[in-house]
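These notes concern the structure reproduced below.
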Number of protein chains: 2
Amino acid sequence: MTSDTPRRLLGHSIAATLEERILLGEIAAGSKLDETSLARDFDVSRTPVREALQIVVSRGLAVRMPYKGVVVSDITRDRIDDLFEAMGEIEALCGRFSAQRMSMEERAVLLGLHETMSDLALQGGAEAYEAANTRFHQAIYAGSHNSDFVEMAEAMRLKLSPFRRSQLADRARIEHSNAEHAQIVEAIIERDGQAAEKALRRHLLSAAQTMLEKWTQTRPEVSSTRSRAS
Amino acid sequence: MTSDTPRRLLGHSIAATLEERILLGEIAAGSKLDETSLARDFDVSRTPVREALQIVVSRGLAVRMPYKGVVVSDITRDRIDDLFEAMGEIEALCGRFSAQRMSMEERAVLLGLHETMSDLALQGGAEAYEAANTRFHQAIYAGSHNSDFVEMAEAMRLKLSPFRRSQLADRARIEHSNAEHAQIVEAIIERDGQAAEKALRRHLLSAAQTMLEKWTQTRPEVSSTRSRAS
DNA sequence: CTCTCGTTACTTGCATACAATATTAAACGA
DNA sequence: TCGTTTAATATTGTATGCAAGTAACGAGAG
């Protein structure tokens, strides 16, 4: 195992740095992401750059204009709202089905994960909690017993990941999150689909709130309101 | 996402024929899709073949086993059930939000689309109805006013497309579908999110039924049942 | 006969070169 | 001056070659 070799694919790491720069505002909205220029900057060929651009586009951070190149899209407040709303609805969906379909073993595993996280909330580090948090939510996806739900949820999670990356949770947030998890676990174990749905929506809503707080600190210009009702 | 490619990309057409062969059972489940062999068969280079395999995998018709190649996955009854269930839930989701958020103009457009389809159901061809049907459902996606919902719905629609392809609807099915559309439109116009949700779930359920009927005619071996409850 | 180690073959990511197509610009004529 | 046609440029798709890493296979040792 030569650690020298890139465990992470070249295209992926390029995509990651591009995402970070876009989110930090270093790469302005509307900028053209030229394949050849990026290839020169990163000192690689066009092939991994193409893959990276595919990823960035799939995350919604840029769009391909046919024969005009890839341009980074504007990160608006509305965009972030959409993201969290969609994640919330998908998680709610998975939670509802999980409440109905999880086996006893799966419920036990979920409860075990939650108990582990309760310990981590008190004494563990933020990164350990975050890792466990991912497993917790993935258990709920899997509990829906529908591979397409799992896929959609994972896709949304990936879309949110660049935003989550900068969000270093403090202890207060972790404890709050853990309390919400308790409600989710109880609803699922009690087979109460409606309650699980509501609890997960609420959970994602509060996650969005804290995320937006941190976000507006670094990029105050991102703020707007739209009226969604007709 | 290639928004509008007039010329069909090589990789896409290769993917389409591969999908068709897989769905017809000409390519058995478990077969290895070798890049170089396919490149030779289609008389192209490995590059478009790679893109084609990416597409086939993204549709769920095959999976990549690391360092073992791409193998076509088994099309089970459970897989199809998952697909339609997920599509139904996503459409229900979009319908619920559309009922709440659509502008008056959007509601009018939806109604207009439905009226056009009612005419087509009586006198138009099946392919014309199918095209209008796609626009109808896309209008509901867009009415949710959330770009991520739209993306997920479109992704699911793409996943279902290889199955839909072989399904040539007869007049009875079209009329039934149109009646269901009437309920959907009414619920959305009346701003009744719950009703829209239910109507769309029902609509997709009946679509799944007719699809499965046709499917079992061509591939009778595909049938199974699983118990989903715990 | 079984286990281990080394070799081979295959998958796969990356680089580079080439070709085709669309957009833009420019030149030209009316 | 305006419209049309043609040339330049950029984006994008494709072809091949190569290198690196992993899995499968087989030979030799115990």
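Numbers restart at 1 for each chain; the letters A, B, ... are given by sequence-line order, proteins then strands.
- Between the CG atom in B:L160 and the CZ atom in B:R59 there is a gap of 10.5 Å [rounded to 0.5 Å].
- We find that NZ of A:K68 is positioned 11 Å from P of D:dT11, with the value rounded to whole Å.
- Rounded to a whole Å, the OH atom of B:Y67 is 12 Å from the C1' atom of D:dA19.
- Residues A:D34 and A:T36 have side chains that bring a donor and an acceptor to within less than 3.5 angstrom of each other.
- Taking the six-membered ring where tryptophan is involved, the planes of A:F149 and A:F97 are tilted, since the angle between them lies from 30° to 60°.
- Atom CG in A:L10 sits roughly 12 Å away from atom P in C:dG13 (whole-Å rounding).
- The interatomic distance linking B:M65 (CE) with D:dT22 (P) rounds to 17 Å, in whole Å.
- Distance CZ (A:R64) to P (C:dT23): 15 Å, rounded to an integer number of Å.
- The stretch residues 26-53 of chain A comes close to DNA chain D through A:D34, A:R46, A:R50, each having a heavy atom under 4.0 Å from the strand.
- Atom pair A:L9:CG and C:dA15:P shows a separation of 11 Å (rounding to whole Å applied).
- Of the inter-residue distances, the one linking A:R164 atom CZ with A:M211 atom CE reads 9.5 Å to the nearest 0.5 angstrom.
- Side chains of A:E91 and A:M156 form no contact here, defined as non-hydrogen atoms less than 4.5 Å apart.
- Between B:H181 and B:H137, the two ring planes are perpendicular [angle over 60°; tilted spans 30° to 60°].
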